[in-house]
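A short write-up of the structure that comes next.
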2 protein chains.
Amino acid sequence: MGIEVLGSIFTIQDGTFQILLMKNTKEPYKGYWILPCEVIKDDKTVEESIEKIVSEKFGFNDLKYDQCHVFSDLDRVPGKRMVGISLMSIVDEVTVMTKKIDTEYEIEWFPIDNLPKIGYDHIRVIEKSIEVLKEKVVQSKMLQQIFPCDFTLPEIQKVYEQLLSKNLDRRNFRKKFISLDLIEETGDKAPVSTGRPAKLYRFKEDVDNVLLF
Amino acid sequence: MGIEVLGSIFTIQDGTFQILLMKNTKEPYKGYWILPCEVIKDDKTVEESIEKIVSEKFGFNDLKYDQCHVFSDLDRVPGKRMVGISLMSIVDEVTVMTKKIDTEYEIEWFPIDNLPKIGYDHIRVIEKSIEVLKEKVVQSKMLQQIFPCDFTLPEIQKVYEQLLSKNLDRRNFRKKFISLDLIEETGDKAPVSTGRPAKLYRFKEDVDNVLLF
DNA sequence: ACAAAAGTGTTAACTTTACACCCATGT
DNA sequence: ACATGGGTGTAAAGTTAACACTTTTGT
């Protein structure tokens, strides 16, 4: 019996959640997209294993992981008994953009509502991770992971609108968010494509983890 | 490398959360109190394994389990690599009282704020389960597990007061709770020790899982 | 000057809090 | 009749929701 870790790595691009997948090069499910995963060894914890495998396959280091779920169906991996432990993490957009991912693997970001053909039982794992993502993202701590550096309020509002699947009033959103006392203006303005440029904010240091919404 | 399941079984007694532990009869940690646990076999999922072991050691069947956490520190069990998957469940008071537990093991309920000497790393496992318990019990679904049959509002209020570690106003608590539209009066009154007997309520059928507090 | 997106303030509705007295039962 | 705990209403404070116009930028 083996134990494997599976990593769901999310980011935000243009206000849309994306998940990072790799193309499977081995049978079974060759050519399908899968999560980075690996059987854990005797000398690593679950957290150390996921850090290693994500680093190796995707090039992201020092992410913070949260456990999502344990999958232990007898036949979830064809031909052997494999218990899967899934973890998730979020990478901010800037890191995604600036970090040139140097890997031998074919990897790609997919919007979570438009996934490609997924191998093994990874679609179930992904769905569970998305559930957990939605629960966690109403916490300021998670939001800080998504926006570690400067952000605008319209950006952050889009995240919530996607997750809550409804539109929010801009004025009320600003009032509520600012009243939480988590953020401060940087004084700068966001580069603009069209329209008035938005003010940039950053998270204050040492903010407590509070529930939004 | 092995995988074990660990079960944290909670109940409420007199408005206080209790956890069911068994006395360990083997070295190491002989005589210490531990969670029911067992290495999982090839022919069972995590959920099936916990059901079996809790049934066997504690005599409770058909509980609903939630996954809590995976513990994978290399040295968490002396002498072997053992990954621990912890699950929790809640048993209602009536089942606890009426079901005569027939087991060869020495088992006992302990209030969660007054635990005995705990073996292995189970104290960490228990602490994590209590965290999860506190998160889950603000959901009506979990409350329904605690009070599957008739209950009084003062009873349920005590549960919240314990979990939130503060006193709540009786009038406001009633108003809020009743306004959730989850419960209905049975028409009966609770047997009384002293003072006015409380009205009995029950959960309506098919209530959605909503967040309280 | 116009199009595009961001910023701002006020009022009404609703929710939450604070608070004190009466009621039903057992002794 | 009294001690014990349960049940009830109202007003103030706070929060959320609804709503429209002005500002800043690029073209």
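Just so you know, these numbers use all the heavy atoms, side chains as well, and skip hydrogens, waters and symmetry mates. Every chain is numbered from 1 and lettered A, B, ... according to where its sequence line falls, protein lines coming before strand lines.
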> Taking atom C1' of C/dT16 as reference, at what distance in whole Å does atom CD1 of B/I178 sit?
Replying inline: 16 Å

> What nucleotide, of C/dA6, D/dG7, D/dC19, holds the atom closest to the side chain of A/R171?
Replying inline: D/dC19

>> Tell me which one of B/K204, B/K199, B/R202 satisfies salt bridge (charged side-chain N to carboxylate O under 4.0 Å, His left out) with B/E184.
In response: B/R202

>> What is the separation between atom NZ on A/K166 and atom C1' on D/dA18, rounded to the nearest whole Å?
In response: 14 Å

>> Using the side-chain heavy atoms of A/N172, tell me which of these nucleotides is nearest: D/dC19, C/dT25, C/dA6.
In response: D/dC19

> How close or far is atom P of C/dT16 from atom OH of B/Y160, stated in whole angstroms?
Replying inline: 14 Å

> Does C/dT8 have OP1 or OP2 sitting under 4.0 Å from an N or O in the side chain of A/R174?
Replying inline: yes

>> If I take atom CG in residue B/L168 and atom P in nucleotide C/dC19, what distance separates them, rounded to the nearest angstrom?
In response: 15 Å

> Passes salt bridge (charged side-chain N to carboxylate O under 4.0 Å, His left out), B/K128 versus B/E131? Steps please.
Replying inline: CA-CA 5 Å; B/K128 186 77 190 175; B/E131 261 179 54; 3.8 Å; yes

> Taking atom C1' of C/dA5 as reference, at what distance in whole Å does atom CG of A/L153 sit?
Replying inline: 14 Å

> Does OH belonging to A/Y32 count more than 12 external heavy atoms closer than 6.0 Å?
Replying inline: no

>> Does a side-chain N or O of A/K199 approach OP1 or OP2 of D/dT25 to a distance below 4.0 Å, or not?
In response: no

> Hey, is B/D66 close enough to B/K141 for a salt bridge, meaning N to O under 4.0 Å?
Replying inline: no

>> At 4.0 Å (heavy atoms only), tell me whether A/K175 reaches a base, stays on the sugar-phosphate, or touches nothing.
In response: base

> Expressed in angstrom and rounded to an integer, what is the separation of A/R196 atom CZ from D/dT24 atom P?
Replying inline: 6 Å

> Want to settle it: does B/K176 or B/D169 sit nearer the 5' end of DNA chain C, counting the closest nucleotide to each?
Replying inline: B/K176

> If only side-chain N and O atoms of A/K158 are considered, is one of them under 4.0 Å from the OP1 or OP2 phosphate oxygen of C/dA5?
Replying inline: no

> Rounded to whole angstrom units, what separation is found between the CG atom of A/L164 and the P atom of D/dT16?
Replying inline: 14 Å

>> Quick check on DNA chain D: between A/R170 and A/K189, whose nearest nucleotide comes earlier from the 5' end?
In response: A/R170

>> Closest-nucleotide mapping onto DNA chain D: is B/Y201 or B/G195 further toward the 5' terminus? I mean the 5' end.
In response: B/G195

> Given A/K44 and A/E38, is the salt bridge (charged side-chain N to carboxylate O under 4.0 Å, His left out) satisfied, shown in steps?
Replying inline: CA-CA 12 Å; A/K44 287 206 174 51; A/E38 194 175 63; over 6 Å; no

>> What is the separation between atom CD on B/E155 and atom C1' on D/dG5, rounded to the nearest whole Å?
In response: 13 Å

